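These figures come from a predicted structure and were not determined experimentally. Note that these values count all heavy atoms, side chains included, but never hydrogens, waters or copies made by symmetry. Chain identifiers are assigned alphabetically (A, B, ...) following the order of the sequence lines, protein sequences preceding nucleic acid strands; residue numbering begins at 1 within each chain.
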Protein chains: 2
Amino acid sequence: MFNQFRNKFPLTDEKWMEYTNCFKRLEIPAKTILLEEGEVSKRLFIIEKGIIRVWFNNNGKDLTTQFFFENQSVASIESFMKKLPSPVVIETIEPSVVWWISKNDLDKILEEIKEIPELRDRFINMLFERTFDYMKHFVSFIKDFPTQRYLNLIEERPQITQRVPQHYIASYLGISTVHLSRIKSKLLQKK
Amino acid sequence: MFNQFRNKFPLTDEKWMEYTNCFKRLEIPAKTILLEEGEVSKRLFIIEKGIIRVWFNNNGKDLTTQFFFENQSVASIESFMKKLPSPVVIETIEPSVVWWISKNDLDKILEEIKEIPELRDRFINMLFERTFDYMKHFVSFIKDFPTQRYLNLIEERPQITQRVPQHYIASYLGISTVHLSRIKSKLLQKK
DNA sequence: GACAAACGATAACATTTGTTATCAAATATT
DNA sequence: AATATTTGATAACAAATGTTATCGTTTGTC
């Protein structure tokens with residue numbers, strides 16, 4: 001799982017082993033909840049196989065805020081970093097294989113690699129990229145009609161439209177399942 | 001302008017002077033454009049007095065994405081950091097007084113203070129807080145109806161509802177000016 | 001003070017989207 | 001294979017929101 005990233009980290013083999021050994025493997029079925037709403041997030045997950053969605057309950061309805069696929073890392077970030085109760089649920093969509101690391105272990109590693117400017121910069125960059133992603137998604141909500149947002153999704157995140165059940169996509173787009181179904185049938189008519 | 005922050009920065013008086021001298025003062029009328037769409041952002045602004053909005057043109061209509069008030073810093077961040085053409089316009093709403101620093105000067109300062117862990121951590125924290133803010137705003141768009149979003153705004157960002165013209169607020173909420181007007185009159189009826 | 005521009009409220013109507021219910025197809029479970 | 005569950009499509013109706021137009025008020029400019 002981690003060997004594919006080995007050459008990206010300027011670490012000794014010893015440190016590399018020490019760090020990667022902090023991760024534990026987990027095989028879990030579909031619809032497994034990895035973090036409950038209200039729980040303090042103490043684990044960061046990396047997906048080897050499967051799909052994870054992050055959602056919260058809004059007046060009895062699921063609202064999906066993010067999807068994650070293979071090789072992405074997942075956590076309720078604000079809860080994880082500040083030890084606050086998580087507002088969101090983390091749950092698998094498909095049967096999945098994930099690796100997790102405890103906050104304690106990760107903190108130790110981050111503290112150690114702080115002295116390596118290269119890794120530090122990459123970490124900061126990662127945060128910025130995440131910010132930019134949110135901005136784009138947010139802008140699309142005020143800018144585009146649902147139909148356009150759906151077309152954007154097909155274009156920019158084909159994994160979502162191909163692998164994720166449609167009612168999760170609807171809540172991700174901020175519309176009802178019925179309306180997404182209508183959008184799809186209208187798009188088919190035009191073709 | 002900067003003396004109020006003096007005690008927050010563990011710097012020598014010499015360094016402090018050197019850094020603050022990089023900023024230039026600017027007095028400008030309302031509706032002054034500080035950054036054009038498509039231009040590469042080379043300045044970071046700090047507001048001494050006034051209001052700035054960030055917006056972009058969408059099919060001939062203004063869409064406001066952010067408001068900034070006194071003591072906040074403003075830039076088209078992705079453009080500023082990566083030297084890309086800015087997708088947004090930065091413009092004053094009121095007659096304003098702003099200070100600006102060039103990207104060159106700021107880069108030099110950031111490079112120097114990198115060695116001060118305290119400042120470095122605060123910088124990283126700032127990035128995270130910005131990310132969390134975007135998340136909240138974004139979640140509110142899929143979670144709440146416009147009426148609730150407007151109530152949230154009154155509650156959480158009273159400066160906006162009190163000082164910003166209503167048609168800018170409408171585009172910020174992602175609704176038409178007419179609809180915001182309706183929302184306001186309905187809220188008044190209920191009282 | 002006169003005029004123009006900006007701002008905001010409101011009405012009438014069109015369009016978009018949500019809600020509820022029903023049915024069909026796909027998938028999982030036994 | 002039989003059954004239950006999940007998923008998705010569709011129709012009918014209700015509610016939310018946009019569009020266009022008009023009017024009055026405020027604000028800025030000369």
Side-chain angles (χ1 to χ4, degrees), chain A residues 28-33 50-51 53 55 58-64 67 91-96 140-151 153-154 160-191, chain B residues 28-33 50-51 53 55 58-64 67 91-96 140-151 153-154 160-191:
Chain A
I28 44 184
K31 300 201 180 187
T32 303
I33 291 182
I51 311 180
R53 74 183 183 109
W55 60 275
N58 184 46
N59 300 327
K61 285 173 191 160
D62 280 22
L63 269 181
T64 303
F67 295 109
E91 183 179 342
T92 55
I93 290 181
E94 298 178 348
S96 304
S140 153
F141 254 88
I142 35 179
K143 182 177 174 179
D144 299 324
F145 280 18
T147 303
Q148 188 56 49
R149 288 209 297 282
Y150 181 65
L151 288 172
L153 211 58
I154 294 173
I160 292 181
T161 50
Q162 285 161 18
R163 297 178 61 190
V164 172
Q166 194 163 312
H167 56 292
Y168 295 145
I169 298 178
S171 87
Y172 181 72
L173 293 174
I175 59 179
S176 68
T177 56
V178 175
H179 191 53
L180 178 53
S181 204
R182 276 194 291 238
I183 286 171
K184 285 183 71 174
S185 75
K186 276 202 179 174
L187 288 173
L188 282 175
Q189 280 174 29
K190 285 186 186 169
K191 276 182 186 172
Chain B
I28 44 184
K31 301 202 177 184
T32 304
I33 291 182
I51 311 180
R53 74 184 183 108
W55 61 274
N58 184 47
N59 300 327
K61 284 175 194 160
D62 279 22
L63 269 180
T64 303
F67 295 109
E91 183 180 343
T92 55
I93 290 181
E94 298 178 349
S96 304
S140 154
F141 253 87
I142 35 179
K143 182 178 175 178
D144 298 323
F145 281 18
T147 302
Q148 187 58 50
R149 288 208 298 281
Y150 181 64
L151 289 172
L153 212 58
I154 294 174
I160 292 181
T161 50
Q162 284 161 18
R163 297 179 59 189
V164 172
Q166 194 163 312
H167 57 291
Y168 296 145
I169 297 178
S171 86
Y172 181 73
L173 292 173
I175 60 179
S176 68
T177 55
V178 176
H179 192 52
L180 178 53
S181 202
R182 276 194 291 240
I183 286 172
K184 285 182 71 174
S185 75
K186 276 201 180 174
L187 288 174
L188 281 175
Q189 280 173 28
K190 284 185 185 168
K191 278 182 185 172

### Query
Which parts of residues 171-178 of chain B get close to DNA chain D, meaning a heavy atom less than 4.0 angstrom away?
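Here the set is Gly174(B), Ile175(B), Ser176(B), Val178(B).
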### Query
Taking only N and O in the side chain of Lys184(A), is any of them less than 4.0 Å away from OP1 or OP2 of dA9(D)?
yes
Atom pairs under 3.5 Å: protein N/O with N/O of nucleotides 26-30 of chain D:
none

Give the rounded distance in Å between these two atoms: [atom1] of [X] and [atom2] of [N].
{"X": "Glu94(A)", "N": "dT6(D)", "atom1": "CD", "atom2": "P", "answer": "17 Å"}
{"X": "Leu187(A)", "N": "dA9(D)", "atom1": "CG", "atom2": "P", "answer": "12 Å"}
{"X": "Lys61(B)", "N": "dT17(D)", "atom1": "NZ", "atom2": "C1'", "answer": "12 Å"}
{"X": "Asp62(A)", "N": "dT7(D)", "atom1": "CG", "atom2": "P", "answer": "11 Å"}
{"X": "Ile183(B)", "N": "dG18(D)", "atom1": "CD1", "atom2": "C1'", "answer": "12 Å"}
{"X": "Tyr150(B)", "N": "dT17(D)", "atom1": "OH", "atom2": "P", "answer": "15 Å"}
{"X": "His167(A)", "N": "dT5(D)", "atom1": "NE2", "atom2": "P", "answer": "15 Å"}

### Summary
Taken to the nearest 0.5 Å, the spacing of Ile93(B) CD1 from Arg163(B) CZ works out to 9.5 Å
### Message
Using a 4.0 Å cut-off to any heavy atom of chain A, which nucleotides of DNA chain C are the first and last in contact, reading 5' to 3'?
### Response
dT17(C) to dT20(C)
Quick one, [X] and [Y] - any side-chain contact, counting heavy atoms below 4.5 Å?
{"X": "Val164(A)", "Y": "Arg53(A)", "answer": "no"}
{"X": "Leu151(B)", "Y": "Asp144(B)", "answer": "no"}
{"X": "Thr147(A)", "Y": "Lys186(A)", "answer": "no"}

### Query
If each of His179(A) and Phe145(A) is mapped to the nucleotide of DNA chain D with the nearest heavy atom, which maps nearer the 5' terminus, i.e. the 5' end?
His179(A)
Taking all non-hydrogen atoms of both residues into account, name the closest pair between [X] and [Y] and its distance.
{"X": "Asp62(A)", "Y": "Trp55(A)", "result": "OD1-CZ3, 3.4 Å"}
{"X": "Glu94(B)", "Y": "Gly50(B)", "result": "OE1-CA, 3.7 Å"}
{"X": "Pro146(A)", "Y": "Ile183(A)", "result": "CB-CD1, 3.8 Å"}
{"X": "Leu173(B)", "Y": "Arg149(B)", "result": "O-NH2, 2.6 Å"}

### Message
Whether the side chain of Thr64(A) engages the backbone of Ser171(A) through a donor-acceptor N/O pair (distance < 3.5 Å, no angle test) should be reported.
### Response
no
### Task
Give a yes or no on whether the backbone of Thr92(A) and the side-chain of Thr32(A) come within a donor-acceptor separation of less than 3.5 Å.
no
### Query
Below 3.5 Å, does any donor atom in the side chain of Arg182(B) face an acceptor in the base of dG18(D), or the other way round?
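It does, because a donor-acceptor pair links the side chain of Arg182(B) to the base of dG18(D) below 3.5 Å.
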### Task
Report the C-alpha separation of Tyr150(A) and Ile175(A) in whole Å, then their side-chain angles, then the decisive distance to 0.1 Å, and conclude whether the side chain to side chain contact (heavy atoms under 4.5 Å, CB included) test is met.
CA-CA 10 Å; Tyr150(A) 181 65; Ile175(A) 59 179; over 6 Å; no
